[in-house]
Chemist: 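This is the structure I want to talk about, given as structure tokens.
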Protein chains: 2
Amino acid sequence: MSAAGPRRRDSAATKQALLEAARRRFAADGYAATYIRDIAQDAGVNVALIARYFGSKEGLFRDCLASSADDLERSVADNLTVDDLPELMTSHLTGLKKGEYPTRILMLLRSSGDERAEEIRLGTLRSFAERIAAMTGSSGDAAVLDAQFVLAATLGLTILRSSGMQPLAAAGEAEITPRLRRLITAMLG
Amino acid sequence: MSAAGPRRRDSAATKQALLEAARRRFAADGYAATYIRDIAQDAGVNVALIARYFGSKEGLFRDCLASSADDLERSVADNLTVDDLPELMTSHLTGLKKGEYPTRILMLLRSSGDERAEEIRLGTLRSFAERIAAMTGSSGDAAVLDAQFVLAATLGLTILRSSGMQPLAAAGEAEITPRLRRLITAMLG
DNA sequence: AACTGATGTAATCACTGGTTGACTTTCTCC
DNA sequence: GGAGAAAGTCAACCAGTGATTACATCAGTT
């Protein structure tokens, strides 16, 4: 991490750095308000590399979304029950570090207008709702609807927290998990 | 409203038309992805009038946000109880007409980066949370936190519906109100 | 009818941001 | 170590966007 000299050339690492910088920007500011020059600067590389590695700003956004969706899907083990949901959602919500945005979830709320990106986004949200519904043992539209209420609450909490609404933004797991448990029990119990 | 001939000159009506067109666009696409030329065209008016009446795109956005916030605040009567919340929120959520976005609520989720606009936005959200908390009779951070969970759910539901997530997007009051009642009772009951 | 201020229009400007192609530097392999 | 490929940089281009300006038209007044 020494600042002296140019960084060793490594396309995979550069691509990753761009992806992470982009995810932060897109998650925080949305697609249209994010400028690829800023992303490149965050990643410490030249703007033109975005075109080279991702084809276009759209392409970069799609890759961000896909990788975020993938991370999220992978974080949900197959044998989870309704009882595990509060902890799982709290952990995504509060994130690993203080002050860091829950970029993965926020990405699911950002739209670029691109059709393929929208497919990934809605597909992921839909898959989540269905997996939650499946945990209850029930099926059908009514069960998915219940699950969507839980999902909606999580998304809304993410937004409110990321815009700094107090006291929610400062709340820790101790405050959030039991409330999520109450909410989830009411909707899926 | 006849299409024949130039519209009668009426600055107040023009301003209102611009405001409504802008609210739709901003709510649907966000600030950065909305172009004032589109707004003007929707309103059937020349672009330059936006500068004349609102100073700038920022100014127009602020007025949209302020009027949306005002509409929402006014819709909450002072003597409401927790029991009235499900119906109130459902009505905002489903809106008056089918297919029409709940622009007022969505505006509260749109950010322009402008400081003054952000104050209105966060102030309105905060005021809502506090009014909901007050309905429970309790006070303090814990009560506001509970209220924010209800608010978050409403915002999340608005987003999911407006992005066409089925079956939620097609659900009517009969499906939504009872579920909101369950959720609200669990959080505030 | 002429004047005046309000309302609306069209052309233009200055600038931003995504994209492109040529160029330079670093790495890899023989 | 040198050739060729890969990685990265640079400068220019171009479409689009918000803002501005000068001009036209209408309604009410005297």
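Throughout, a chain's letter reflects where its sequence line sits, starting with A, and its residues are numbered from 1.
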Chemist: What is the distance, rounded to the nearest whole Å, between atom OH of A/Tyr35 and atom C1' of D/dG16?
Modeler: 14 Å

Chemist: Would you tell me whether A/Glu118 and A/Ser111 have side-chain atoms, one donor and one acceptor, within less than 3.5 Å of each other?
Modeler: yes

Chemist: Just the rounded figure in Å: distance from P of D/dA7 to CG of A/Leu18.
Modeler: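 After rounding, the reported distance stands at 13 Å.
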
Chemist: Could you give the CG-to-P distance, from A/Asp10 to D/dG8, as a whole number of Å?
Modeler: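 Nearest whole value for this atom pair: 7 Å.
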
Chemist: To the nearest angstrom, how far is A/Asn46 atom CG from D/dA6 atom C1'?
Modeler: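 Checked: the CG to C1' distance equals 16 Å.
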
Chemist: D/dC10 P sits how many Å from A/Ile36 CD1, rounded?
Modeler: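 A/Ile36 atom CD1 is separated from D/dC10 atom P by 16 Å.
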
Chemist: Can you tell whether the side chains of B/Arg126 and B/Glu130 come within less than 4.0 Å, N to carboxylate O?
Modeler: yes

Chemist: In whole Å, I'd like the distance from the NZ atom of B/Lys57 to the P atom of C/dC15.
Modeler: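 Computing the B/Lys57:NZ to C/dC15:P distance gives 18 Å.
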
Chemist: In this structure, how many angstroms lie between the C1' atom of C/dT7 and the NZ atom of B/Lys15, rounded?
Modeler: 14 Å

Chemist: Measuring to OP1 and OP2 of D/dG8, would you say a side-chain N or O of A/Thr14 lies under 4.0 angstrom away?
Modeler: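 Affirmative; the distance criterion is met.
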
Chemist: Can you tell me the distance, in whole Å, between the CD1 atom of B/Ile50 and the P atom of D/dT20?
Modeler: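 Result: 13 Å.
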
Chemist: Looking at D/dG8, I'd like to know if its phosphate oxygens (OP1 or OP2) sit under 4.0 Å from a side-chain N or O belonging to A/Tyr53.
Modeler: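 A/Tyr53 to D/dG8 OP1/OP2: side-chain N or O found under 4.0 Å.
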
Chemist: 5'-most contact on DNA chain C: A/Arg37 or A/Arg52, nearest heavy atom basis?
Modeler: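 So the residue in question is A/Arg37.
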
Chemist: Are the charged groups of A/Lys15 and A/Asp63 less than 4.0 angstrom apart, N to O?
Modeler: no

Chemist: Could you please name the option among C/dT19, C/dT9, D/dA19 that lies closest to any side-chain atom of B/Leu49?
Modeler: C/dT9

Chemist: So, are B/Asp42 and B/Arg24 salt-bridged, with charged N and O less than 4.0 Å apart?
Modeler: no

Chemist: What contact category does A/Phe54 fall into here, base, sugar-phosphate, or nothing, at under 4.0 angstrom with non-hydrogen atoms?
Modeler: nothing

Chemist: Looking only at side-chain N and O atoms, does B/Ser11 come under 4.0 Å of OP1 or OP2 in C/dT7?
Modeler: yes

Chemist: From C-beta outward on A/Arg9, which listed nucleotide comes closest to its side chain: C/dG18, C/dT19, D/dG8?
Modeler: D/dG8

Chemist: Between A/Phe149 and B/Ile176, is there a side-chain heavy-atom distance shorter than 4.5 Å?
Modeler: yes

